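The analysis underlying the following values was restricted to heavy atoms, covering all of them including side chains, and did not include hydrogens, waters or symmetry mates. Keep in mind that what you see is a predicted model, and the values were worked out from it rather than measured.
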Amino acid sequence: RSSDRGAAAMAPLGGVAGGRAVVFLDVDGVLHSLYGDDIFVESCCAQLERILRVTGAAIVLSSTWRQDPGKLAILDDLLRRRGLETVRGCTEVIDSAAGRSAEIARWLDTHPETVDWVAIDDMNLEAV
């Protein structure tokens, strides 16, 4: 939860309806290591699945994967195979010193119905 939401507007891939909880998800460094050839480490994917099932949250992709349709399709396929909802939306790429924090804040500004959220990322997002 955050009371400081920043300012501005943004267009997600899809709507997140009615105050549903949101997980802002990074992929590299979260679902697999930044180093090596492993992709989608089972223990990491299982934890994400547990979070999504327990909370009923929708995924809003904040990862650089949102900029590559092929990578987005790979992630959606992983989610489908686990019986989960595919990525519901994406943060907008903005040029800001605050980077991902500003992108998440902007998304939240345009979705005031979203009051319960968490960002799962290997980067320090303290500015959100």
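Proximity of Leu79 to Glu85: side-chain heavy atoms (C-beta onward) are nowhere separated by under 4.5 Å. Taking 4.5 Å as the limit, every side-chain heavy atom of Val27 sits out of range of all side-chain heavy atoms of Thr64. When side chains are defined from C-beta on, Val93 counts as touching Gln67, because their heavy atoms get closer than 4.5 Å. Between Arg80 and Leu84 there is no side-chain heavy-atom pair separated by less than 4.5 Å. With a 4.5 Å cut-off on side-chain heavy atoms, Leu108 and Thr114 count as touching.
Classified by interplanar angle (parallel below 30°, tilted 30° to 60°, perpendicular above 60°), the ring pair Phe24/Trp107 is perpendicular.
Classification of Arg66 and Glu103 as a salt-bridged pair holds, one side-chain N sitting under 4.0 Å from a carboxylate O.
Summarising the geometry of Pro112 relative to Val115, their closest heavy-atom pair is O-CG1, 4.0 Å, with the distance given to 0.1 Å. Smallest separation of non-hydrogen atoms from Asn124 and Glu126: OD1-N, 2.9 Å. Between Ile94 and Ala102, the closest heavy-atom pair is CD1-CB, 3.6 Å. Of all heavy-atom pairs spanning Arg20 and Gly56, the tightest one is NE-O, 2.8 Å.
Under the side-chain contact (heavy atoms from CB on, under 4.5 Å) criterion, Gln47 pairs with Arg50, not counting sequence neighbours. With sequence neighbours left out, the salt bridge (Lys or Arg N to Asp or Glu O under 4.0 Å) criterion links Arg82 to Glu42, Glu49.
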* Apply side chain to side chain contact (heavy atoms under 4.5 Å, CB included) to the pair Val22 and Asp116, showing each step before the final yes or no. => CA-CA 7 Å; Val22 167; Asp116 296 315; over 6 Å; no
* To do: Give the C-alpha distance, both sets of side-chain angles, the deciding distance and a yes or no for side chain to side chain contact (heavy atoms under 4.5 Å, CB included) between Ile59 and Arg88.
  => CA-CA 6 Å; Ile59 293 176; Arg88 194 70 176 277; 5.7 Å; no
* To do: Evaluate the criterion side chain to side chain contact (heavy atoms under 4.5 Å, CB included) for residue pair Thr91 and Arg100; output intermediate values, then yes/no.
  => CA-CA 9 Å; Thr91 57; Arg100 199 165 288 166; 5.7 Å; no
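For the atom pair OG (Ser101) and CG (Leu125), the distance works out to 4.5 Å, reported to the nearest 0.5 Å. Summarising the geometry, atom OG1 belonging to Thr86 is positioned 11.0 Å from atom CG belonging to Leu61; distances are rounded to the nearest 0.5 Å. How far CD1 of Ile120 is from SG of Cys44: 10.5 Å, rounded to the nearest 0.5 Å. Leu31 CG to Cys45 SG: the interatomic distance, rounded to the nearest 0.5 Å, is 5.0 Å.
Counting Ile, Leu, Val, Met, Phe, Trp and Tyr side chains that sit under 4.5 Å apart, directly or through other members, Tyr35 shares a hydrophobic cluster with Leu34.
Using a 4.5 Å cut-off between side-chain heavy atoms of Ile, Leu, Val, Met, Phe, Trp and Tyr, with links allowed through other members, Val41 and Leu78 fall into different hydrophobic clusters.
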Would you give me the side-chain donor-acceptor pairs under 3.5 Å for residues 70-77, sequence neighbours excluded?
{"unit_1": "Asp76", "atom_1": "OD1", "unit_2": "Val87", "atom_2": "N", "d": "2.9"}
{"unit_1": "Asp77", "atom_1": "OD2", "unit_2": "Arg81", "atom_2": "NE", "d": "3.0"}

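Checking Asp26 against Trp65 by side-chain atom types alone, no donor-acceptor pair falls below 3.5 Å.
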